[in-house]
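Encoded as structure tokens, the structure appears first; notes follow it.
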Number of protein chains: 2
Amino acid sequence: MTTPRIEDVAAAAGVHRSTVSRAFSRPEAVRQETRDHVLRVAASMGYTMSPLAQALRTKSSTLVPLIVPDITNPFFAELAKAMRAAAGERGYQLVLCVTENDATATAGYLHAMRSMYAPFGVIAPLTQLDPAEFEPFGFGSRLVVIDRMAPDYHGPTVTVDNVKGIRLAFDHLVALGHRSIAYVAGIVGTHTAADRREAYHALARANDMAPLEFNEGIGAEAGERAAEHLANMDGRPSAVIAANDVVAFGLISALGSRGLSVPNDVSVVGFDGLALGASGNPPLTSVRQPITEMGRMGIELAERGADSGRAEHVVLRPRLLIRSSTGVAR
Amino acid sequence: MTTPRIEDVAAAAGVHRSTVSRAFSRPEAVRQETRDHVLRVAASMGYTMSPLAQALRTKSSTLVPLIVPDITNPFFAELAKAMRAAAGERGYQLVLCVTENDATATAGYLHAMRSMYAPFGVIAPLTQLDPAEFEPFGFGSRLVVIDRMAPDYHGPTVTVDNVKGIRLAFDHLVALGHRSIAYVAGIVGTHTAADRREAYHALARANDMAPLEFNEGIGAEAGERAAEHLANMDGRPSAVIAANDVVAFGLISALGSRGLSVPNDVSVVGFDGLALGASGNPPLTSVRQPITEMGRMGIELAERGADSGRAEHVVLRPRLLIRSSTGVAR
DNA sequence: CTGAAAGCGCTTACAG
DNA sequence: CTGAAAGCGCTTACAG
């Protein structure tokens with residue numbers, strides 16, 4: 001059973017292949033009777049068009065790449081899930097491209113994006129993204145970045161209001177009576193990372209607290225390192241804000257191994273609001289990024305950017321997800 | 001700056017396009033001087049071949065689909081990571097296809113696999129996979145399944161020795177003095193799920209224990225439900241084996257919310273050995289699936305199956321990863 | 001060793 | 001409204 005080609009359908013339906021093509025791609029351009037007949041014949045043969053041949057001919061496809069550094073990071077996994085759904089609704093196929101944070105791999109995917117005639121794409125960075133790396137590809141406003149970018153960057157971006165997110169976390173802790181709040185970084189290079197960190201410092205100053213930042217390692221490991229220091233510290237802060245949920249997981253885990261209990265000994269707030277956080281021990285209080293919304297906006301902005309050539313910047317509002325890793329200061 | 005085509009390179013190099021094609025695809029078929037010259041000219045123009053046109057012409061591509069139900073499930077995320085690396089090493093591009101466990105979506109990807117001329121593919125199921133759903137596509141031994149399949153299934157498979165895995169967990173708990181060990185299912189339909197469950201029951205019987213199985217809900221929720229029951233139970237088992245790590249996370253979290261501490265009150269063993277388990281509170285003891293190995297074997301079997309038409313079945317050995325969620329029975 | 005030609009499976013001006 | 005023709009960017013027997 002060989003796959004039927006357009007020519008086979010045309011022969012079976014007794015029309016020219018251009019008519020078959022139109023019946024599928026521009027149905028209004030063919031007489032209804034003819035169209036129905038052609039479509040019926042095609043269906044009976046199990047015919048579908050070759051996306052490859054279509055892409056080659058029209059120089060456009062419905063493949064949209066999402067370029068992420070690491071799919072085992074639950075934030076990117078949730079983002080991918082949301083974007084896949086959003087892309088699917090609009091008739092696109094999301095192609096997940098994982099770079100392992102390697103610039104060569106990224107360039108490879110951008111190249112592939114062009115050779116596959118992708119209409120647009122989305123890139124979510126983990127560390128500093130150098131616009132010089134992708135501007136040569138000339139995607140312009142057809143490539144959206146999931147991060148804040150430098151003010152002189154002229155492509156579309158979608159991000160969350162990180163300053164507000166950190167404020168949500170900080171205010172929550174202050175309201176619980178905490179007067180000494182530390183910050184664990186653990187993400188590096190992105191504007192997102194810088195924004196969160198700076199927001200923390202500003203807030204600490206504004207509240208007359210001495211800022212205390214731990215900034216060793218990346219991800220869960222950063223949390224573990226911070227826990228070491230916290231465990232051995234006199235005048236330990238009563239609360240910690242982690243730059244993201246994975247950092248918070250590592251922190252809580254290592255705190256527990258050292259006999260420190262969350263939230264009894266230390267309150268912890270994460271950032272991301274991952275679904276997995278609900279299954280933490282304790283369930284993690286976290287600044288929730290509207291990931292589904294980010295996915296949808298990412299696709300929307302990319303599509304609009306491809307149409308209009310205009311680069312929009314969307315900043316989404318975070319919410320505080322209060323679960324059980326924060327409690328009143330003792 | 002328009003992308004150069006093969007004809008542009010041919011013109012610039014003063015040869016026919018067939019020579020350019022050979023210089024790239026069958027370098028031994030062209031005189032060395034000519035080849036070097038062509039390649040140099042091509043490089044100077046930033047030329048690369050169109051994978052689209054190549055695939056259309058040769059009816060083969062290097063795109064290999066990995067079909068998974070849910071990328072936010074860390075097991076599939078880790079599998080995807082491993083497979084991407086394995087595929088990349090062999091010159092293939094892994095295309096991640098997420099089905100959300102929907103049969104229509106799966107069929108769509110299998111269809112795409114054919115129309116993209118994928119040389120082979122890999123599918124990792126979450127629930128029962130009905131061979132009837134994909135056998136019509138006629139992939140034969142070019143589609144490997146990451147699960148044990150029914151004995152009469154004739155495609156290649158790679159899976160872990162689940163019986164042995166459960167035994168590892170069980171024996172570990174028995175060695176710690178546990179005489180009452182429960183099981184939380186939380187995965188459903190796959191042969192993997194059935195094998196783990198049955199192994200537990202067999203082991204309980206062999207050790208003269210009354211089997212106690214919790215089987216409500218899926219994933220983390222299954223763990224939470226089990227925790228409810230455990231918290232309200234007289235003669236609570238001192239240890240629990242969870243069907244996978246995500247179930248274990250939910251279990252430990254909900255146990256904690258009810259004032260039960262792991263491993264002091266209950267020991268918990270997971271299954272998967274996710275990296276994330278190391279950042280659990282406490283770090284999760286788990287039966288480690290050799291995910292990297294599974295990824296590599298999956299690609300290898302698929303490639304060999306495509307070449308030879310033979311379907312191999314690989315069963316990998318699990319290991320016990322002893323972390324901190326298990327302790328001696330009180 | 002290299003070139004000319006046919007063709008992979010489509011689309012789309014252009015005629016009629 | 002439909003057909004005939006050219007062409008998207010390649011590859012590969014076939015000659016020479």
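As a basis for the values below, the full set of heavy atoms in this structure was taken, side chains included, without hydrogen atoms, waters or symmetry mates. Each chain gets a letter, A, B and so on, in the order its sequence line appears, and its residues count up from 1.
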- Task: Give one of base, sugar-phosphate or nothing for A/A29, where a contact means two heavy atoms less than 4.0 Å apart.
- Result: base

- Query: What distance do A/L79 atom CG and A/N73 atom CG have between them, rounded to the nearest 0.5 Å?
  - Reply: 10.0 Å

- Taking all atoms of both residues into account, what is the closest heavy-atom pair of B/F134 and B/L110, and its distance? CB-CD1, 3.3 Å

- Query: To the nearest Å, how far apart are A/Q32 CD and D/dT2 P?
  - Reply: 11 Å

- Item | Distance, P atom - from D/dG9 to D/dA13, rounded to whole angstrom | 23 Å

- Item | Protein-to-nucleotide contact annotation, 5' to 3' order, nucleotides 8-16 of chain D [B base; S sugar-phosphate only; - none; under 4.0 Å, heavy atom] | BBBBBB---

- Query: Ion pair present between B/D8 and B/R5, side-chain N to carboxylate O less than 4.0 angstrom?
  - Reply: yes

- Item | Donor on one side chain, acceptor on other, B/E78 and A/T72, under 3.5 Å | no

- Partner of A/M294 under side-chain contact (heavy atoms from CB on, under 4.5 Å), chosen from A/I146, A/V122, A/V314: A/I146

- Query: Which nucleotide, in any strand shown, forms a Watson-Crick or G-U wobble pair with D/dA15, with both distances under 3.5 Å?
  - Reply: C/dT2

- A/R296 with A/E89: basic N within carboxylate O range, under 4.0 Å: no

